[in-house]
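Only one structure is covered here, and it is reproduced in the block below.
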Amino acid sequence: MKISRLTLLVLVLFALAAGLTVLASRTLLDPTVALAARWLFLAALTWAAWKRRSLTFWIVISMFIGAEIGNDYPAVAVNLKVLSDIFLRLVKTIIAPLVFATLVVGIAGHADLKQVGRMGVKALVYFEVVTTFALFIGLAAINLTKAGAGIDRTGIAADVEQLQTVEQTTSDIILHIFPENIAKSVANGEVLQVVVFALIFAVGLAMVHQRHRQPMITITESLSEVMFKFTNVVMYFAPIGVGGAIAYTVGKMGFAPLFNAFQLLLTLYAALIVFVLVVLLPVALIARLPVMRIVKAIAEPVSIAFATTSSEAALPRAMEAMESVGVPRRIVAFVMPTGYSFNLDGTTLYLSLAAVFVAQAAGVDLTWGQQLVMVFTLMLTSKGVAGVPRASLVILLATVASFNLPAWPVFIILGIDALMDMARTAVNVAGNCLASAVVARWEGEFIDNYVAPDPVDDLAETDSALVQHSH
């Protein structure tokens, strides 16, 4: 394989920067020299990324640059969070109109309500099976590593952050699914409530006469196309937003969390890798899906989710990515937003890890039966709280309290929650992307060998090729 001179230069500068950094860490060299070498390497890497003109590559490079800024200039880095906040705000404006428009067009445009119901049942069955596997893998991993055992409680109370617990009854969980005010649901970012409203609206639209239905379908189809183009424009800001998010995280936390917390972090990452290889990959192979094409397509949304710790930030791009590999838009529009509430594989695995970690840290020996009851409780109570800040930690704190476990181990998890959130959010997005492809194959509508133009480069395209194909 021929290596370009620029690539060779980048590799040489990387080796030089790594070597000088090691020497500087052992006080054998002035740290300023190592700092200059690292920035020279990043400059060469940035030039290589610019030459490639790949948005995914730009995002990866921005993560490296953000980490370096966070490490070298933490005081500056913590102020760069505004860049990621701007990016997240721009993306969140896309979610509600995009989900509403694509669902309405997908359901009312075909007027096959029986097929929609059948697809919903299949999606929920798939979600339940896969998240159960995630739960058991998480339990096995934390019981194997025992990351919470032997934690020193000294000084824990000195840095305790108060979290507001959320007690949810079964009625609250059910009520949270249904919108009381669609404008309020949109403003609060309640994706599931928007989905429910869009589903009922689409069913009602499918039941009216064609004379009334067609104008509304034309409007929503146009809205859908515009929002996808809106996404393409916003995504050019993704590298800057991602870089700011990483810089803030590293600047605030550094690279050296507590030993037990770091052990928990490694346990989570290892368990998520096992889950991807043992569950998601076999599912893709059984469904006869083009694994490499899907991996390539979702690389960008998964990297966005990893860096921003926001599934919402990756949703529009993930929907486009799955369309580009042959999943019909109406299936993508139904399965992926629904999966954001019911198919959070990474979050489910994380909750099973964190719950047992709390018990281990507190010195409480739980039986397998008690562990299962706790994590199933977490699965149920975590539904519909996506709008709550730090939802996973808030629910975890409320649940461990109900099982008479102390709260202080949860505050240890706070220290590395940002790094854990990166991995679990990335797996959430990857799992939902795969779910849409599996349901499409299950419905017999996955388009093999589908070829679509690059949505980022093709900003001038007027209509979606996949929509035209479906007509």
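Side chains are part of it too, since the values below use all heavy atoms of this structure and drop only hydrogens, waters and symmetry mates.
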Side chain to side chain, [X] and [Y], heavy atoms closer than 4.5 Å:
X: Ile142; Y: Leu264; value: yes
X: Lys229; Y: Val233; value: no
X: Tyr126; Y: Val335; value: no
X: Val196; Y: Pro179; value: yes
X: Val234; Y: Phe87; value: yes
X: Arg38; Y: Asn71; value: yes
X: Thr425; Y: Met422; value: no

Any side-chain to backbone donor/acceptor pair from Ser222 onto Thr218? Under 3.5 Å, distance only. yes
Side-chain donor/acceptor of Asn428 to backbone N/O of Asp345, under 3.5 Å: yes
Could you walk me through whether Ile182 and Phe100 pass the side-chain contact (heavy atoms from CB on, under 4.5 Å) test, one step at a time? CA-CA 11 Å; Ile182 188 58; Phe100 173 79; over 6 Å; no
[atom1]-[atom2] distance between [X] and [Y], expressed to the nearest 0.5 angstrom:
X: Leu90; Y: Phe230; atom1: CG; atom2: CZ; value: 6.0 Å
X: Ile331; Y: Trp442; atom1: CD1; atom2: CH2; value: 12.5 Å
X: Leu80; Y: Ile240; atom1: CG; atom2: CD1; value: 11.5 Å
X: Leu434; Y: Ile298; atom1: CG; atom2: CD1; value: 7.5 Å
X: Leu353; Y: Thr267; atom1: CG; atom2: OG1; value: 6.5 Å
X: Ile137; Y: Leu272; atom1: CD1; atom2: CG; value: 9.0 Å

Would Ile65 and Leu45 count as a side-chain contact (heavy atoms from CB on, under 4.5 Å) if you check the C-alpha gap in whole Å, the side-chain angles of each, and the deciding distance to 0.1 Å? CA-CA 10 Å; Ile65 295 174; Leu45 199 59; over 6 Å; no
Salt bridge (charged side-chain N to carboxylate O under 4.0 Å, His left out), that's the test. Do Glu225 and Arg329 meet it? Break it down for me. CA-CA 11 Å; Glu225 290 295 334; Arg329 176 172 292 184; 3.2 Å; yes
Who are the salt bridge (charged side-chain N to carboxylate O under 4.0 Å, His left out) partners of Arg441, not counting sequence neighbours?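 Expected list: Asp448.
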side-chain contact (heavy atoms from CB on, under 4.5 Å) for Phe275 and Val130? Distances and angles first, verdict last. CA-CA 10 Å; Phe275 173 76; Val130 174; 3.6 Å; yes
Got a sec: does the [atom1] of [X] have more than 12 other heavy atoms crowding it under 6.0 Å?
X: His212; atom1: NE2; answer: yes
X: Glu180; atom1: CD; answer: no
X: Tyr269; atom1: OH; answer: yes

If you compare all heavy atoms of [X] against all heavy atoms of [Y], which two are closest, and at what distance to 0.1 Å?
X: Val325; Y: Phe446; answer: O-CZ, 3.4 Å
X: Ala141; Y: Ala271; answer: CB-CB, 3.8 Å
X: Leu280; Y: Gly431; answer: CD1-CA, 4.3 Å
X: Val332; Y: Val327; answer: CG2-CG1, 3.3 Å
X: Ala437; Y: Met322; answer: CB-CE, 3.8 Å
X: Leu265; Y: Met420; answer: CD1-CG, 3.6 Å

Could you walk me through whether Val104 and Phe197 pass the side-chain contact (heavy atoms from CB on, under 4.5 Å) test, one step at a time? CA-CA 10 Å; Val104 170; Phe197 177 82; over 6 Å; no
Check the angle between the aromatic planes of Phe14 and Phe41 and answer parallel, tilted or perpendicular using the 30° and 60° thresholds.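 The arrangement is tilted - the two ring planes meet at 30° to 60°.
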